[in-house]
Number of protein chains: 2
Amino acid sequence: MFFSIDADGDVPIYEQIVRQVKLAVADGILVGGQMVPSVRQLAGELAINSNTIARAYQELQSDRVLESLRGRGMIVRRDAIKRCTKARNSLVADGVRRALADALSGGMTAEELRELFEAELERQSAMAEQSKLASGNGAS
Amino acid sequence: MFFSIDADGDVPIYEQIVRQVKLAVADGILVGGQMVPSVRQLAGELAINSNTIARAYQELQSDRVLESLRGRGMIVRRDAIKRCTKARNSLVADGVRRALADALSGGMTAEELRELFEAELERQSAMAEQSKLASGNGAS
DNA sequence: AGTGGTGTACCATGACACGGGTACACCGAT
DNA sequence: ATCGGTGTACCCGTGTCATGGTACACCACT
């Protein structure tokens with residue numbers, strides 16, 4: 001229910017979990033004090049080994065996003081949103097940086113880049129809006 | 001002289017070679033019919049095993065960017081620039097797509113995104129211009 | 001003919017990441 | 001005390017990457 005995993009992709013599964021959890025915290029979907037699904041439950045939902053989930057949670061614990069309550073579960077730290085928004089900014093900045101480096105190194109024009117960026121931004125903004133409306137309809 | 005390799009990065013070395021060759025062709029630095037350094041020479045310059053270079057060249061041959069002249073070396077195919085510009089467009093489009101997906105999924109505003117994009121574009125454009133001038137001074 | 005250059009094809013090795021399996025220590029509720 | 005749930009620590013199989021070594025077929029040049 002929470003996350004979408006691409007097991008065939010080149011990015012490790014545990015890293016996808018880490019990224020999506022951080023983005024969810026930055027977006028406000030996951031708030032401080034809230035419990036996250038247990039490793040076995042999430043592993044069952046995603047058809048993934050528990051160890052992979054545990055590894056992701058451990059990394060999130062090292063990054064001070066989650067907090068472990070032994071024997072009970074893991075919760076989102078109250079001050080996690082600060083770090084997560086910061087991490088999100090660094091993440092997209094790095095992505096934009098790399099894409100721009102490739103584009104300019106390949107002789108792409110700044111104007112072509114702006115056009116591509118605006119087109120993609122409009123497309124994904126529309127998609128995000130539509131998905132938001134769909135989830136809103138689910139409650140009616 | 002030609003390429004810059006980051007052996008400690010997460011991207012494989014042979015893939016870095018492939019990417020940089022394609023971008024160089026797309027930019028016009030490598031033109032059709034031109035010879036590329038031999039596997040042993042490039043391996044010596046970059047302090048990399050010949051097998052790794054050979055693997056990159058094989059992939060470039062599979063992608064119809066290079067052509068093998070047995071016993072002589074490898075040259076850039078005449079029609080490679082078409083494919084390389086196309087590959088470059090796909091590459092940066094994917095990068096922008098992923099960065100935007102992360103940003104919107106993390107609750108980033110479209111305005112913040114535009115600002116970040118423009119700032120990074122200006123910065124890297126300035127750097128590219130400066131490096132171009134530096135290489136121009138080298139011939140004087 | 002001989003020599004040195006080229007790409008190509010193997011095989012073996014070591015390091016590392018990833019994912020899966022199993023067992024352990026802890027907690028809360030019955 | 002017992003049981004079901006939790007996180008956590010280990011071990012192992014697999015695949016990828018880079019490296020090293022060797023050998024082959026081909027070409028250009030002397």
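Any value given below was found using the heavy atoms of this structure, including those in side chains, with hydrogens, waters and symmetry copies removed.
Taking atom CG of residue B/Leu42 and atom P of nucleotide C/dG7, one finds them 10 Å apart after rounding to whole Å. Taking atom CE of residue B/Met35 and atom P of nucleotide C/dG7, one finds them 7 Å apart after rounding to whole Å. Atoms CD1 (A/Ile75) and C1' (D/dT6) sit 14 Å apart, rounded to a whole Å. Per the geometry, CD belonging to B/Gln16 stands 12 Å off P belonging to D/dC17, to the nearest Å. Atom CD1 of A/Ile53 and atom P of D/dA9 are 17 Å apart (whole Å).
Take B/Ala119 and apply the side chain to side chain contact (heavy atoms under 4.5 Å, CB included) test, not counting sequence neighbours, and it matches no residue.
For the OP1/OP2 pair of D/dG5 and a distance below 4.0 Å, the side-chain nitrogens and oxygens of A/Ser38 include no atom meeting the criterion. In this model, the phosphate group of D/dG5 is not approached by any side-chain N or O of A/Gln41 to a distance below 4.0 Å at OP1 or OP2. The phosphate of C/dC18 has OP1 or OP2 within less than 4.0 Å of a side-chain N or O from A/Tyr14. The phosphate of D/dT8 has OP1 or OP2 within less than 4.0 Å of a side-chain N or O from A/Gln61.
No single ILVMFWY cluster, assembled from side-chain heavy atoms under 4.5 Å apart, contains both A/Val92 and A/Ile81.
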What does the B/S/- profile of nucleotides 19-30 of chain D look like, 5' to 3', with a 4.0 Å heavy-atom cutoff to protein? BBB----BSS--
